[in-house]
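Scroll down for the structure; my scribbles are underneath it.
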Amino acid sequence: MNVKKLIALILVVVMLAAMFAGCGKDDKVTLDVVVAEYGPNTAAWWKQFEADFEAANKDIDLLVDVVSWNDITAKVQTLIANNNAPDILNIDSFADYQAAGLLLPAQDYVSETTYAKFYQSFLDQSVVDGTVWAVPDLASCRAMYYNKDILDAAGVAVPTTFEELRKACEAIKAYDSSIYPWGVDMTSDEGQACFAYYIWNNGGDFTDAEGNWTLNDPKNVEAIEFIVGLVQDGLTNSDPATETRYVNQDMFGAGQVAMMIGPNSIPTYIADGGYSVNWGVAGIPASTGNSIAHGVMDRFMTFDNGYSEAEMAAITTFYDFFYEDTRYSEWVLMEGFLPATTAGGEAMAKADPANAAWIEIVGTAKFYPQSKAEWADVKTGVIEVEQSALQGGNVQELLDDLQAEIAG
């Protein structure tokens, strides 16, 4: 065989190898998944999940991007704007994506076996026009945590009303001016939760019984004026516009914050952080004394990216793998949240019987109106109202402007 023929044969072999390699690559489904970062363990857990999933599913390439809560909304908006929406997204809000026609109905991609695991009350939070558009990832329930030793030393009882809360904060400040009496988060991370805590516990709400926005309701104005007043009077952490719930939780664990509203995961967070604090938990103070529990639920949703049968099957496989009872229970227990499945609830109650009470509470808690398409704008808007009010803005005027913007 002469040199020319040898070179030609080598080229043919190389081309055939490339063709076969390309076929193998084309046969492998790639799934892009964007998930929220819940805490210090999230990234490592998803890295292991990705490895386990790909080991069990050789024909699927799973690409998981863990993004902080401060950045995830902007990240997804950028992806969508660039016609590169993720296949699967883990976030809190879904309605704006659904209203834009970007999502698939949940039962199109979740198997019957997995779908049957969810608490119906959680599925109901993602219904628009009778269709479930997202499935629950996990939930949390918010309550007031307090440092027993600080309250005892300051000679104050656990506050149950707004008036009692202010008096307790004043007494703690008088006892030790280096302690922040009350922890507040008005950041882009959880400012909407702050808004909800106070309006719901002052008899206000985001909407009326017919679902109409009522953001500038007098009770809402009064509630936000109350919490802004505590901040301006030096009875809270120094900068609620930049100090997130996690900063407050660290300060609470270190004995620098006496009281704060937070999720049922705080004990886990404190223990993981190496803190030792004599804490107690009680209902969120309310103007009337009738405390409203605050439930927060995050979701998984699938974007309508024109999938092939193989891609749809891969998405279903992802959900089945994630919600496998043992794996899902480990996920929820690791981060200290509340489960969205019956098996997860049973596992959590078994691990710690005290959690059974939390699971009961979250079943009756009040949730954000996330099924309304305007929710994403409302969420951003109420945070801007709070932060503007901290700078001296008039709460009534700010909420009037937001109401006009949202309700038209």
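As the structure is a computational prediction, the values presented were derived from the model and not from experiment. Sequence positions, counted from 1, serve as the residue numbers for this chain. All values below come from the heavy atoms of this structure, side chains included, with hydrogens, waters and symmetry mates left out.
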Do Leu402 and Glu384 pass the side chain to side chain contact (heavy atoms under 4.5 Å, CB included) test, and can you show the C-alpha distance, the side-chain angles, and the key distance before you say yes or no?
CA-CA 9 Å; Leu402 180 60; Glu384 291 174 350; over 6 Å; no
Taking only residues at least two apart or on different chains, which pairs with a member in residues 390-408 satisfy side chain to side chain donor-acceptor pair (under 3.5 Å)?
Asn216-Asp400, Gln396-Asp400
Strictly distance-based, threshold 3.5 Å: is any side-chain N or O of Asn147 a donor or acceptor partner for the main-chain N or O of Asp149?
yes
If I compare all heavy atoms of Gly183 with all of Val257, which pair ends up nearest, and what's the gap?
N-CG1, 3.8 Å
Would you give the length of the straight line joining atom OH of Tyr109 to atom CG of Asp304, rounded to the nearest 0.5 angstrom?
11.0 Å
Flag the pair Val228 / Met186 as yes when at least one side-chain heavy-atom distance between them is below 4.5 Å, and no otherwise.
yes
Donor-acceptor pair, distance only, cut-off 3.5 Å: does the side chain of Asp71 make one with the backbone of Val67?
no
Between Asp185 and Asn248: side-chain donor-acceptor atoms closer than 3.5 Å
no
Report yes if some heavy atom in the side chain of Lys117 is under 4.5 Å from a heavy atom in the side chain of Asp325; otherwise report no.
yes
Where at least one partner belongs to residues 264-277, residue pairs that pass side chain to side chain donor-acceptor pair (under 3.5 Å), sequence neighbours excluded
Asp250-Tyr269, Asp250-Tyr275
Within the structure provided, determine whether Asp205 and Asp217 are in side-chain contact (heavy-atom separation under 4.5 Å).
no
With heavy-atom distances below 4.5 Å as the criterion, would you say the side chains of Asp87 and Val33 are in contact?
no
Can you tell me which residue pairs pass the side chain to side chain donor-acceptor pair (under 3.5 Å) test with a partner in residues 164-173, sequence neighbours excluded?
Thr160-Glu164, Glu163-Lys167, Arg166-Glu170, Arg166-Asp233
Give, for atom CG of Leu31 and atom OH of Tyr307, the distance between the pair rounded to the nearest 0.5 Å.
7.5 Å
For Phe337, the ring pair (Phe, Tyr, Trp, His ring centres under 6.0 Å) test, sequence neighbours excluded, returns Tyr38
Give the C-alpha distance, both sets of side-chain angles, the deciding distance and a yes or no for side chain to side chain contact (heavy atoms under 4.5 Å, CB included) between Asn305 and Glu311.
CA-CA 10 Å; Asn305 291 331; Glu311 289 168 333; over 6 Å; no
Separation of Ser68 OG from Asp189 CG (nearest 0.5 Å):
8.0 Å
Please check this pair: side chain of Arg245 against backbone of Gly262, looking for a donor-acceptor N/O pair closer than 3.5 Å.
no
Considering non-hydrogen atoms only, spot the tightest contact between Asn201 and Ile284 and give its length.
ND2-CG2, 3.5 Å
When you measure from the side chain of Asn237 to the backbone N and O of Val184, does any donor-acceptor pair fall under 3.5 Å?
yes
Rounded distance (nearest 0.5 Å) linking atom OH of Tyr180 with atom SG of Cys169:
14.0 Å
For Val281, check side chain to side chain contact (heavy atoms under 4.5 Å, CB included) against everything at least two apart and list the hits.
Ala143, Tyr145, Trp279, Trp358
Report the residues that fulfil ring pair (Phe, Tyr, Trp, His ring centres under 6.0 Å) with Trp46, sequence neighbours left out, ordered by chain and then residue number.
Phe49, Phe322, Trp331
Tell me, with the steps shown, if Ser178 and Asp176 meet side chain to side chain donor-acceptor pair (under 3.5 Å).
CA-CA 5 Å; Ser178 69; Asp176 188 339; 2.6 Å; yes
Separation of Phe122 CZ from Asp298 CG (nearest 0.5 Å):
11.0 Å
Does any non-hydrogen side-chain atom of Trp69 lie less than 4.5 Å from one of Ile91?
yes
Mind checking what makes side chain to side chain donor-acceptor pair (under 3.5 Å) contact with Thr114, not counting sequence neighbours?
Ser111, Asp320
Under a 3.5 Å distance rule, please check whether Asp208 uses its side chain to pair with a backbone N or O of Glu210 as donor and acceptor.
yes
Between CG on residue Leu89 and CG on residue Asp32, distance to nearest 0.5 Å:
12.0 Å
Working note: Thr207 + Asn212, criterion side chain to side chain contact (heavy atoms under 4.5 Å, CB included); need CA distance, chi angles, decisive distance, verdict.
CA-CA 5 Å; Thr207 64; Asn212 302 306; 5.9 Å; no
Per the side chain to side chain donor-acceptor pair (under 3.5 Å) rule, what does the pair list look like for residues 369-381, sequence neighbours excluded?
Asp92-Lys379, Ser93-Trp375, Trp213-Glu374, Arg299-Gln370
Closer than 3.5 angstrom, by distance alone: can the side chain of Thr42 be matched with the main-chain N or O of Gly39 as a donor-acceptor pair?
yes
Shortest non-hydrogen separation from Ile80 to Ala85 and the atoms involved:
CG1-CB, 4.1 Å
Could you pull out the closest heavy-atom pair between Pro136 and Leu123, with the gap in Å?
CD-CD2, 3.8 Å
Kindly state each residue pair satisfying salt bridge (Lys or Arg N to Asp or Glu O under 4.0 Å) with at least one member in residues 44-61, sequence neighbours excluded.
none
Going by ring pair (Phe, Tyr, Trp, His ring centres under 6.0 Å), name the pairs with one or both residues in residues 79-103, residues two or more places apart or in two chains.
Tyr97-Phe303
So, do Ser126 and Met297 sit near enough that their side-chain heavy atoms are less than 4.5 Å apart?
yes
Considering only heavy atoms from C-beta outward, does the side chain of Lys219 approach that of Ile199 to under 4.5 Å?
no
Close side-chain approach of Tyr319 and Thr302, heavy atoms under 4.5 Å
yes
Looking at Tyr328 and Asp137, would you say the former's side chain and the latter's main chain have a donor-acceptor pair under 3.5 Å?
yes
Got a sec, which residues hit ring pair (Phe, Tyr, Trp, His ring centres under 6.0 Å) with Phe195, two or more places apart in sequence or on another chain?
Phe206
Give me the atom names and distance for the closest heavy-atom approach of Ile150 to Ala258.
CG2-CB, 3.8 Å
Glu190 side chain vs Ala193 backbone, donor-acceptor pair below 3.5 Å:
no
Taking all heavy atoms of Thr214 and all of Asn220, pick out the closest pair and write down the distance.
O-ND2, 3.0 Å
Please determine whether side chain to side chain contact (heavy atoms under 4.5 Å, CB included) holds for the pair Ile172 and Leu151, giving the CA-CA distance in whole Å, both sets of side-chain angles, and the decisive distance to 0.1 Å.
CA-CA 7 Å; Ile172 292 168; Leu151 265 62; 3.9 Å; yes
Okay, side chain of Asn202, backbone of Tyr198: is any donor-acceptor separation there less than 3.5 Å?
no
Partners of Asp65 by side chain to side chain donor-acceptor pair (under 3.5 Å), sequence neighbours excluded?
Lys75
